[in-house]
Every structure is written in structure tokens, then in C-alpha cells.
Amino acid sequence: TQSTWDTQDRVGKMEKKTHPGEFDYETAISTLKTMNEDQKKIDVTLFLELCKLFTKISGSMGYLVSWGFDDINDKCRLLAEHIARYPECKTVHEIVEKEISLNYHVLSGGNGEKYGYKKGEPMFLYESAARTILRMLWFLTLLTHIFKNLIQYPEELMSNIASKSYSDSIAKFHTVVLREGIKAAFMTVPTRNDFMEKAFGTKDKKFFTECLNNMLKPLAALASRLWKYYQEKKITNLEQNQFITIMHSVN
């Protein structure tokens with residue numbers, strides 16, 4: 001399948017004028033505002049745009065963290081292809097329910113044989129949009145914890161903030177070996193001041209905190225809505241055999 005990352009009209013608008021490593025804060029705020037205006041649905045193209053914007057955050061946390069979260073860039077590309085594959089589906093809900101109706105949502109890219117597909121068939125290596133969106137939701141959930149802890153602990157080391165945020169949010173989804181590797185990577189993140197300057201282009205701590213506050217509430221609200229939807233559909237266990245649930249809240 002030809003990549004649709006830069007060629008499709010619906011996703012072409014995601015290419016921003018930011019330089020690599022820079023976080024487009026204004027566009028992120030605007031996108032979050034638009035996405036939270038309709039509480040009943042989540043525009044799938046805007047969801048993709050938002051996730052792509054937020055990859056700039058992990059890119060500002062050092063080489064090892066950026067490399068570790070390169071999987072999210074792959075998921076963004078994959079979701080772009082799903083959007084092109086199902087042009088009639090305009091929302092996260094529609095694309096997930098389309099896959100559920102076809103029983104495609106359970107496909108992970110490596111379990112096709114389990115569901116009756118033979119090697120060489122188009123669906124044998126199919127990695128579902130539902131699973132892809134779930135992975136991206138993990139990423140957004142981690143960011144809400146990082147933003148919250150940066151605000152709550154203004155004097156704490158950035159490495160400790162990142163490690164605590166990971167442990168409190170998505171570490172439970174990973175194997176012990178992977179958890180230890182990610183925590184080790186977080187110990188290499190730059191200082192808070194370096195992160196502020198690289199990601200947000202500022203040395204002003206007050207402005208930095210305002211940015212975090214402005215993003216935290218709408219991002220947490222969006223993540224909570226999506227977790228609720230996945231829980232209602234009983235598809236939070238797409239990544240593992242056991243049923244997984246998250247009670248996500250930000251005070």
C-alpha cells in the first residue's frame with residue numbers, strides 16, 4: 001500500500017511549518033479546543049494531527065527517549081493509511097466500529113493466522129486502526145501525567161518527572177524488561193530548563209507553566225473520553241490477553 005502520509009488531502013494539512021524538534025504549542029491548543037467542542041465524537045484526522053504534533057515533545061527529551069517513542073511516529077503513519085483506506089469514516093468512533101463490524105479490530109499485524117487468515121492474504125499482516133489508536137492514546141495519557149507533574153513539582157528533576165509519570169500511567173502495559181529500558185532512557189533526559197527552551201522556545205518558567213496548564217485540562221478531557229469509549233466497547237485489551245482498564249483523572 002502506498003503511503004498516504006503526505007499525499008492525501010485529509011491528512012496533508014498536518015504538515016506544519018515547525019522545524020524538527022520544535023513543539024507547535026499554538027496549533028496544539030487550537031486543535032485540542034476544536035476536538036473538545038463536540039463531546040460525542042472525536043475527529044480521527046484531528047486526532048492524528050494532534051498526536052503528530054505531540055511527538056515533538058518526546059523529540060525534545062533527548063535521543064534515547066525520542067528513539068524509544070519512534071513507534072508513535074510509525075503509528076501516525078499507519079493511522080494516516082487507515083484514514084485513506086476508510087474515507088467514509090470521519091471519526092475515531094466510526095473507524096473503530098467499522099473494524100469491529102468486520103472483526104478486523106483484533107488484528108495486531110502478527111496474529112492473522114489465529115483469526116483464519118493465510119500468509120500472503122491482505123489481512124494476514126493487518127494492524128488495526130483500533131489497536132493503533134489505543135497505542136496513541138497510551139502516549140497522550142503519558143503526556144498528561146508529565147504535564148501534571150511538571151506543574152505540581154516545579155523544582156523536581158526532569159528525569160524524575162518523566163520516570164514517575166511513566167510509572168503512574170502506562171508502565172503497566174509493558175513487560176518488565178521494556179519498563180526497565182524505558183526508565184533508563186528517561187534518566188538521560190535534559191534538564192527542565194533545556195527541555196523548556198527546546199520544546200517551547202522559552203526560558204521563562206512562568207510562561208512554561210502557563211503553557212502546561214493550558215494544555216493539561218483539554219488533553220486530559222480528550223484522553224478520558226477516549227478511554228471511556230474503549231472501555232464501553234470492551235477493547236482496552238487489544239494489546240494484551242488480559243483485560244486492561246485505566247481510571248484516568250487529573251485533579
Side-chain angles (χ1 to χ4, degrees), residues 13-37 43 45-73 75-76 136-170 182-224 226 248-251:
K13 66 180 182 180
M14 290 184 299
E15 294 302 325
K16 301 298 177 185
K17 295 181 179 179
T18 54
H19 299 291
E22 293 182 353
F23 174 57
D24 192 341
Y25 164 73
E26 290 81 6
T27 301
I29 287 293
S30 175
T31 304
L32 282 167
K33 181 180 178 181
T34 300
M35 294 180 72
N36 281 317
E37 286 175 352
D43 184 290
T45 302
L46 287 181
F47 178 77
L48 174 55
E49 178 178 350
L50 186 72
C51 289
K52 190 184 177 192
L53 285 168
F54 275 123
T55 60
K56 304 297 184 181
I57 292 287
S58 59
S60 299
M61 295 179 70
Y63 172 75
L64 286 179
V65 174
S66 179
W67 176 79
F69 281 94
D70 190 56
D71 177 62
I72 302 301
N73 290 316
K75 292 296 180 282
C76 286
M136 295 160 84
L137 177 56
W138 290 4
F139 175 60
L140 296 183
T141 300
L142 172 61
L143 288 181
T144 64
H145 282 261
I146 290 176
F147 295 166
K148 177 184 176 181
N149 287 325
L150 281 168
I151 295 168
Q152 189 171 349
Y153 306 105
E155 302 303 322
E156 187 58 79
L157 293 174
M158 186 69 192
S159 56
N160 292 342
I161 291 289
S163 183
K164 172 178 170 54
S165 300
Y166 172 71
S167 296
D168 292 347
S169 58
I170 65 172
I182 291 174
K183 288 180 180 179
F186 279 140
M187 296 308 294
T188 69
V189 301
T191 65
R192 181 188 294 249
N193 287 341
D194 288 342
F195 173 71
M196 274 172 26
E197 187 170 2
K198 187 171 184 181
F200 291 84
T202 184
K203 296 181 179 180
D204 187 333
K205 292 183 179 180
K206 182 178 179 180
F207 173 73
F208 176 60
T209 301
E210 288 176 357
C211 290
L212 296 175
N213 272 311
N214 289 339
M215 289 188 296
L216 178 58
K217 188 173 181 179
L219 181 59
L222 176 66
S224 293
L226 196 47
H248 177 72
S249 63
V250 177
N251 296 324

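Along the sequence shown, residues are numbered consecutively beginning with 1.
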Any side-chain to backbone donor/acceptor pair from [X] onto [Y]? Under 3.5 Å, distance only.
X      : Y      : answer
Ser163 : Asn160 : no
Thr209 : Lys205 : yes
Ser60  : Lys56  : yes

For [X] against [Y], the heavy-atom pair lying closest together:
X      : Y      : answer
Asn36  : Pro218 : ND2-O, 3.1 Å
Leu140 : Cys51  : CD1-SG, 4.0 Å
Leu222 : Leu32  : CD2-CD2, 4.1 Å
Thr141 : Ser169 : CG2-CB, 4.2 Å

Would you call [X] and [Y] a side-chain contact if the rule is heavy atoms closer than 4.5 Å?
X      : Y      : answer
Asn149 : Glu156 : no
Met196 : Phe207 : no
Cys76  : Met136 : yes

Working to the nearest 0.5 angstrom, can you tell me the gap between [X] [atom1] and [Y] [atom2]?
X      : Y      : atom1 : atom2 : answer
Cys211 : Leu216 : SG    : CG    : 12.5 Å
Glu26  : Asn214 : CD    : CG    : 10.5 Å
Met158 : Leu150 : CE    : CG    : 5.0 Å
Lys75  : Thr55  : NZ    : OG1   : 14.0 Å
Ile57  : Ile72  : CD1   : CD1   : 13.5 Å
Glu49  : Asp43  : CD    : CG    : 9.0 Å

Whether Asp168 and Lys164 form a salt bridge (side-chain N of Lys/Arg under 4.0 Å from carboxylate O of Asp/Glu) is what I want to check.
yes

Report the relative orientation of the aromatic rings in Phe54 and Phe23; use parallel for angles under 30°, tilted for 30 to 60°, perpendicular for over 60°.
parallel

Derivation and outcome, side-chain contact (heavy atoms from CB on, under 4.5 Å), residues Tyr153 and Ile161
CA-CA 8 Å; Tyr153 306 105; Ile161 291 289; 4.0 Å; yes

